[in-house]
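One structure below.
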2 protein chains.
Amino acid sequence: MDRAVTISQVAALAGVSTGTASKALNGRGALRPETRLRVQQAAEQLGFVANAAARSLQTGRTYTVGMITTDSIGRFSIPLLIGAEDALGAGQMSVFLCDARDDPIREQYYLRTLLSRKVDGIIVTGRRTQARQPIGRDLPVPVVYAFISSADARDCSVVPDEADGARRAIRHLLAVGRRRIAHVTGPEHHHSAQMRAAGAADTLAAEGLRLATPVLYGEWSEAWGRQAAGILLSTGADVDAVFCGSDQVARGLAEGLRDAGREIPGDIALVGFDNWDVMVDGSRPALTSVDMDLEGIGRTAAEMLLAAINGEPVHGHQARPCRLVPRASTAV
Amino acid sequence: MDRAVTISQVAALAGVSTGTASKALNGRGALRPETRLRVQQAAEQLGFVANAAARSLQTGRTYTVGMITTDSIGRFSIPLLIGAEDALGAGQMSVFLCDARDDPIREQYYLRTLLSRKVDGIIVTGRRTQARQPIGRDLPVPVVYAFISSADARDCSVVPDEADGARRAIRHLLAVGRRRIAHVTGPEHHHSAQMRAAGAADTLAAEGLRLATPVLYGEWSEAWGRQAAGILLSTGADVDAVFCGSDQVARGLAEGLRDAGREIPGDIALVGFDNWDVMVDGSRPALTSVDMDLEGIGRTAAEMLLAAINGEPVHGHQARPCRLVPRASTAV
DNA sequence: CTGAAAGCGCTAACAA
DNA sequence: TTGTTAGCGCTTTCAG
């Protein structure tokens, strides 16, 4: 709990002025190498760390971006954050993560906090991909939406192409020889459920096929997956594959099917969505799944934010492709 | 992307000096109520948000604390963060979350970043409860360790009392009439595995009992739990309950036992550890588990940090009790 | 009750 | 090559 060291103490120890010390430490100006070294050693010796507040007051830059998760931080925000950090870390910028917990009041509070801290830009994320109202109007810093998208088409939003994910899942099932494919997913009103179901239907239609049963909408839970297994089998539909809207649904379905004596993938092949490690690895057999590349989305969002900070804003939606990760549940 | 508004613009609009405007907006000094109101309205009208850098330069306080997760952010860090935010939010302080990803270089980088940002204090967390080397020496701000603990006994560390958790698990199993209890857990060298195993053994010893089999050490995974089921049954030990070192192990064990035709809790009762929602709810039957109250740990850590910031530091380890959450896997 | 002025720590012109 | 100086936007004495 020592008091912090200022640049004037460093300058004094090195026997130079503060201006010279500043140049020496920031590699600016023209200094004798020897002087530069002397200042650097003094800084080292005193454990000097520049006061960011003073610096930003002068330069107008903080080299910090804020990330607001409108829903609670979790499975989606973390990879997004990691991707953003990777893209920003190269430029020595850091990320200030704020959890608005799905509360508009808290969200506006954090927005104010970030603006008062004069962050260079803001990334907004959330648990659902559905479009949301812009977080603010005429903000003094650029904003990029990641995973979630802004309802204002002029805003920059980096989102997963969920229909693409569904397409890859269906194509994969077709490739391993399945034709009678069902789709079990989350709530009918959920944006992701809709996109994925539409993507699946469209892909089959393009091949002159259709889903073996109507889409089974339910919840994003294992319990629903288990229940859906019973429903599916009771319809008597001769299904040889199921594309699920989430890994949790898929895992529940796998259990339900196994309990009913069906072999996976022998009788029925299974594809999930999210590629959530604990689910795909915990499932028996291990679950083929669609990965939305959240890190990539975070990275791209950060890159677009950097572009905007540098005066070259990108507008509109940027849809990024998904990736299929094959595992035992669809092995040939 | 408008330019930010400064207090002098507010002052100009309200027809007062910047000093007066400052007092009006911060509720300090003695001002005519009418003046105060006029300034507040001007600020409102212009959308004024005070520049935190300028303020902190003057006051030396940033009303920000940094939180460094030494391991990657995840299941443990988030509730800790939420708890800390709850405790700090009351005092209008915000939390800057940094993910060091288990990389000492990154950790030191973030430490420097936080110090340069002049945070009022730092909370250090991690994925394991084991003691770690202090993050720095003679830092200019107070530090509190949450969940993880510092190897320096003088540092303030808020940790879960894992032996207490184990005790509650065993007591619960005894209370529902079980006597032949086994323990299946993670790696033998893992601090948490050791604490929990010791807590379980001690509690049984206090009742004149002992574990029905030697502790089964393995991994923190469902796969190990399933494997352990086979091992347990092959020993022929007549076990009527298993206390598991984690929910994942417990879930795997539940599956393995069911596959072998055992009823849960009829033949064998099961208790997990962590109270991780997707595991306890996904398990069949739903899993009784030990909750370490991570939010409470985060809250306490933040309170201790606040105390230290206010000049009343608390030293040493603060162990917090766990909580048992009974579910169907131990229902009578 | 209000204004003027100094200064927090740093950077960036400009002088020397 | 180095030092001097003027702020960045805000708070806070101290006068008035």
Side-chain angles (χ1 to χ4, degrees), chain A residues 2-40 42-43 46-64 112-113 115-120 140-141, chain B residues 2-40 42-43 46-64 112-113 115-120 140-141:
Chain A
D2 302 346
R3 264 198 67 70
V5 180
T6 70
I7 201 172
S8 54
Q9 296 174 43
V10 174
L13 179 59
V16 297
S17 71
T18 60
T20 302
S22 171
K23 285 169 209 153
L25 294 171
N26 295 301
R28 254 181 280 274
L31 296 188
R32 215 176 336 146
E34 180 210 308
T35 312
R36 197 178 292 277
L37 191 66
R38 193 149 34 89
V39 174
Q40 281 162 349
L46 296 175
F48 170 74
V49 183
N51 182 328
R55 174 178 283 164
S56 97
L57 197 53
Q58 169 66 26
T59 62
R61 285 284 308 266
T62 55
Y63 295 93
T64 304
R112 283 181 63 90
T113 303
L115 292 180
S116 82
R117 294 228 179 357
K118 293 286 177 281
V119 292
D120 296 334
V141 297
Chain B
D2 302 348
R3 265 198 69 68
V5 179
T6 70
I7 201 172
S8 54
Q9 297 175 44
V10 174
L13 179 57
V16 298
S17 70
T18 61
T20 302
S22 171
K23 286 167 207 155
L25 294 172
N26 295 301
R28 254 181 281 273
L31 295 188
R32 217 177 335 146
E34 180 209 310
T35 311
R36 196 178 293 277
L37 191 65
R38 194 148 35 88
V39 173
Q40 282 163 348
L46 296 176
F48 170 73
V49 183
N51 182 328
R55 173 178 285 165
S56 96
L57 195 53
Q58 171 64 223
T59 62
R61 284 284 307 265
T62 55
Y63 295 92
T64 304
R112 284 181 62 90
T113 302
L115 292 179
S116 83
R117 295 229 182 345
K118 293 286 177 282
V119 292
D120 296 332
V141 297

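In what follows, chains are A, B, ... by sequence order, proteins preceding strands, each numbered from 1.
Defined by atom type and a distance below 3.5 Å, a donor-acceptor pair is present between the side-chain atoms of B:Thr64 and A:Arg117. The closest side-chain donor-acceptor pair between B:Thr20 and B:Ser17 falls under 3.5 angstrom.
Separating the CG atom of A:Leu115 from the P atom of D:dG9 is a distance of 16 Å, rounded to the nearest angstrom. As a whole-Å value, the separation of B:Leu57 CG from D:dG7 P is 17 Å. Across the protein-nucleic acid pair, A:Arg117 atom CZ and D:dG9 atom P stand 18 Å apart, rounded to whole Å. Nucleotide C:dG9 holds its C1' atom 13 Å from the CG atom of A:Leu25, rounded to whole Å.
Counting any heavy atom pair closer than 4.0 Å across all strands shown, A:Ser56 reaches no nucleic acid atom.
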Letter per nucleotide, 5' to 3', of nucleotides 10-16 of chain C [B base touched, S only sugar-phosphate touched, - untouched; heavy atoms, 4.0 Å]
SBBB---
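When side chains are defined from C-beta on, A:Leu25 counts as touching A:Ile7, because their heavy atoms get closer than 4.5 Å. Taking 4.5 Å as the limit, every side-chain heavy atom of B:Glu34 sits out of range of all side-chain heavy atoms of B:Leu37.
Within 6.0 Å of OH on A:Tyr63 lie no more than 12 heavy atoms contributed by other residues, nucleotides or ligands.
Applying the side chain to side chain donor-acceptor pair (under 3.5 Å) rule to pairs touching residues 6-15 of chain B yields B:Thr6-B:Ser8, sequence neighbours excluded.
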